[in-house]
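Here is the structure we will look at, set down as structure tokens.
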Amino acid sequence: MSGELVCSVPEELRNTEAEKSVETIIKQSSGDHAHNVTQQTEKNLWNEIRPNHSLGSKELFHTEEEDDDEDDDDDDSGTHYLNSDERPCTHLQRAERPGNGNLPDTFQTDHLLYYERFKAYQDYMLGDCKTSEVEAFTAEYLEKIVEPCDWQAIWHTDVFDVLVEVVEVNCKELKAKVELVLPMESESRGCDLTEESMKALLEATLHKVPLLELSVVYDESGDFDQTALALEHLRFFYKHIWRKWDEEDEDDDFDYFVRCVEPRLRLYYDILEDRVPAGLVAEYHSTLALCSEKFQEFSSLRSGLDSDSESEQDNVSMVEGLRLYEQLEALKRKLRIFENPLLRYVLGYKVNSGQQSCRAKGPRLAGGRVVHLVSASATVHQLQSLITDKLMPHYSSEEFEVQFHSDPVLAVNACFEGDVVIVCPGLYSITSSISIVDSIEVEGYGLPDEVVIEKRNKGDAFVESTGANVRLSNLKFIQHDAIEGILCVRQGKLEMENCVMQCETTGVIVRSAAQLGMNMCDLYGSKGAGVEIYPGSICSLVGNGIHHCKEGILIKDFADELDAMPKITMVNNVIHNNQGYGVILVKPGDAAVEDLPAEPNKASRLQNKSRPYFSLGFLYISASHLSPDFAEGNDLIKQELVATSAKKHRLQKNRMKALGAMQADENLLSQEMFISIHGNQFKHNGKGSFGTFLY
């Protein structure tokens, strides 16, 4: 006899979040089989209607695919659990083991995205717990998620992997009681592993192994997905987030997730996705390792001290303990700077982006200069042309010798003051930055499109110049997936001529007190500004093409009146097809009353009564000075930059007068921007030729 049995969930037991009534249709059959199906159906129904906090464990990672599946489930009234063609299955992928070993595969869980781990720690594992509550919250999370028994896992250590079956889980101790699966399946590294030795090891540990060392065996049913994910979150937390000294943190009243988990998780993924310079990453890891070492020393010393003892040895240990404590606190402060997404870049620029490499080598002690030839390979004809066209006319004197390199980075690193690097035609792929610290010349032998240097490592700057007098010519630079600008002049002077720069982030950056001369170059593709000009710098742009960037040229004016305006020359440049403005000035937006021009006296009002004033933000410009094309082009840029420089001038003058004793020297206070802007063409820029951004 067969028929349909309709099981409806009573109203008072329905899930409060469900919008539809739960109805299950079961194909009823005779005998015990029907009874078993009914029991399974009741279990499924109970899973449907149990409280929300239990549902949370099954919805730990809710993907769009799962949402679609749930919609289908509602339409199907739950019958998919009994349909052989639509059985539940895992949503996790299989992690295949390397080689031809006999161990089964495990779940692949180490590829989770940032937001997935973020949601797991914030919503399920840690919530708003304090540091002292992390252990208790973690145990509670595991009790809700991890299957208590009857699942297989790979016990992974440094010397062996072995298949075991979990018979009990102790969430508070973060351990599981396991039994060896027979016949034994294992892989060893550097040791002989037998069934007897493994049984002896398990007996010695009372069959308890750390949960951190267990990886769930892959199962297509989906029953162990959440267990595998929970163990992955546990492993990741204690490997990359938790610090041994966290539990001693004095700020125990604050949310541990907000204070520690989120910034450390963000830093991990920034490093993983190459958003942090490689030098900064190395500094972070070395600081973390040193901090762990100092904490271990401090803990060992502290545990050996007797608080009641007054012996000389204990007094010496106490002094040593204080010294270690101070070192440990300094390292912890440095780590917090690394973990802060804003401060880490300040530290990164200071420590790893040219400051340490500013020490120029100077001339060779033995005298002489070297021509560094860079070429992966060259024909006899190319060498002959190079000698005839370049080496003999310019470098044939006795002071020069020739050295050969296959990598332009190695050639630059080998340079002393006065050396020359000649890069032969070819494509050179580099992974580290080109840091120029001495006064040298780097030139391509040929057209820029024939001498190409491309960089593929995201974490480092491409070219950084700190030399007193550096020259680049006839080169093409190509960025790939970068996070820093294509070229940065941090200090000294850099002359560029006939170069091509295919940017990825910002283009050329001219820092304060640095000088850039950029002539007949082509720059494009920047996701920021093509050229960034900082206060106090000197920048000369002549005959360049700057196009297809977010902004063409960005000029920065900081609020501090002590920051001098840059000296800018812009002549005959073609700035076109940029997303924003051709030239944009970034400046403070607060216009204090004292910053405005003084009220003109009566005589000046009478003298200029036919000359009305127009208010442009903080600036008053006489109508007689307005250019007919003020709204576009070169004159508009000059007007705004001169006005901004004049404001700085007034602020500096007032500041010096406020200091009291001496009268302000007009010559010393004359910090107006040197401006030579003419002949530039602005075409097809998204927001116009010139604009200002107020902050």
For the side chain of [X] and the backbone of [Y], is there at least one donor-acceptor N/O pair under 3.5 Å apart?
| X | Y | result |
| --- | --- | --- |
| Ser439 | Gly467 | no |
| Ser396 | Pro393 | no |
| Asn474 | Tyr445 | no |
| Tyr395 | Val420 | no |
| Glu551 | Tyr581 | yes |
| Asp419 | Arg369 | no |

Looking at [Y] and [X], is any side-chain nitrogen of the basic one under 4.0 Å from a carboxylate oxygen of the acidic one?
| X | Y | result |
| --- | --- | --- |
| Glu417 | Lys361 | no |
| Arg471 | Glu443 | no |
| Lys493 | Glu495 | yes |

Hey, does [Y] have a side-chain heavy atom less than 4.5 Å from the side chain of [X]?
| X | Y | value |
| --- | --- | --- |
| Ile241 | Phe236 | yes |
| Lys556 | Glu532 | yes |
| Tyr284 | Leu267 | yes |
| Leu494 | Leu487 | yes |
| Ile575 | Met570 | yes |
| Thr506 | Leu554 | no |
| Lys390 | Val371 | no |
| Leu113 | Phe118 | no |

Taking all non-hydrogen atoms of both residues, which atom of [X] and which atom of [Y] are closest, and how far apart?
| X | Y | result |
| --- | --- | --- |
| Met496 | Cys499 | CE-CB, 3.8 Å |
| Asp389 | His394 | O-CD2, 4.3 Å |
| Asn498 | Cys521 | N-SG, 3.7 Å |
| Ala414 | Arg364 | O-NH2, 3.7 Å |
| Cys549 | Gly525 | SG-N, 3.9 Å |
| Phe477 | Ile486 | O-CD1, 3.7 Å |

Polar side chain donor-acceptor pair, Arg117 to Tyr268, under 3.5 angstrom: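 Absent: no donor and acceptor within the cut-off.
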
Side chains of Gln502 and Tyr524: is there a donor and an acceptor less than 3.5 Å apart?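 Yes, because at least one side-chain N or O of Gln502 sits under 3.5 Å from a partner of the opposite role on Tyr524.
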
side-chain contact (heavy atoms from CB on, under 4.5 Å) assessment of Asn577 paired with Lys683: CA-CA 6 Å; Asn577 291 100; Lys683 301 179 181 179; 5.8 Å; no

Distance (rounded to the nearest 0.5 Å) between [X] [atom1] and [Y] [atom2]:
| X | Y | atom1 | atom2 | answer |
| --- | --- | --- | --- | --- |
| Ser375 | Leu386 | OG | CG | 9.0 Å |
| Asp270 | Leu265 | CG | CG | 9.5 Å |
| Glu504 | Ser526 | CD | OG | 9.0 Å |
| Gln515 | Asn469 | CD | CG | 9.0 Å |
| Arg336 | Arg264 | CZ | CZ | 9.0 Å |
| Ile555 | Ile568 | CD1 | CD1 | 3.5 Å |

Enclosure of [X] [atom1] (heavy-atom neighbours >12, cutoff 6.0 Å):
| X | atom1 | answer |
| --- | --- | --- |
| Gln403 | CD | yes |
| Leu365 | CG | no |
| Lys550 | NZ | no |
| His381 | NE2 | no |

Apply side-chain contact (heavy atoms from CB on, under 4.5 Å) to the pair Asn573 and Ile553, showing each step before the final yes or no. CA-CA 11 Å; Asn573 299 284; Ile553 299 171; 5.8 Å; no

Check side chain to side chain contact (heavy atoms under 4.5 Å, CB included) between Glu398 and all other residues, then give those that pass, not counting sequence neighbours.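 In terms of side chain to side chain contact (heavy atoms under 4.5 Å, CB included), with neighbours along the sequence ignored, Glu398 is linked to no residue.
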
Taking only distance into account, with no hydrogens and no angle test, what donor-acceptor pairs under 3.5 Å do side-chain atoms of residues 404-413 form with protein atoms, sequence neighbours excluded?
residue, atom, partner, partner atom, Å
His405, NE2, His372, ND1, 3.0
Asp407, OD1, Val409, N, 2.9
Asn413, ND2, Val409, O, 3.3

Chi angles and distances behind the side-chain contact (heavy atoms from CB on, under 4.5 Å) call for His547, Asp522: CA-CA 8 Å; His547 55 97; Asp522 189 32; 2.8 Å; yes

May I ask you to check whether His684 and His576 place their ring centres under 6.0 Å from each other?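 No, ring centres 6.0 Å or more apart.
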
Asp438/Phe416 under side-chain contact (heavy atoms from CB on, under 4.5 Å): CA gap, chis, key distance, verdict: CA-CA 6 Å; Asp438 283 282; Phe416 284 76; 5.6 Å; no

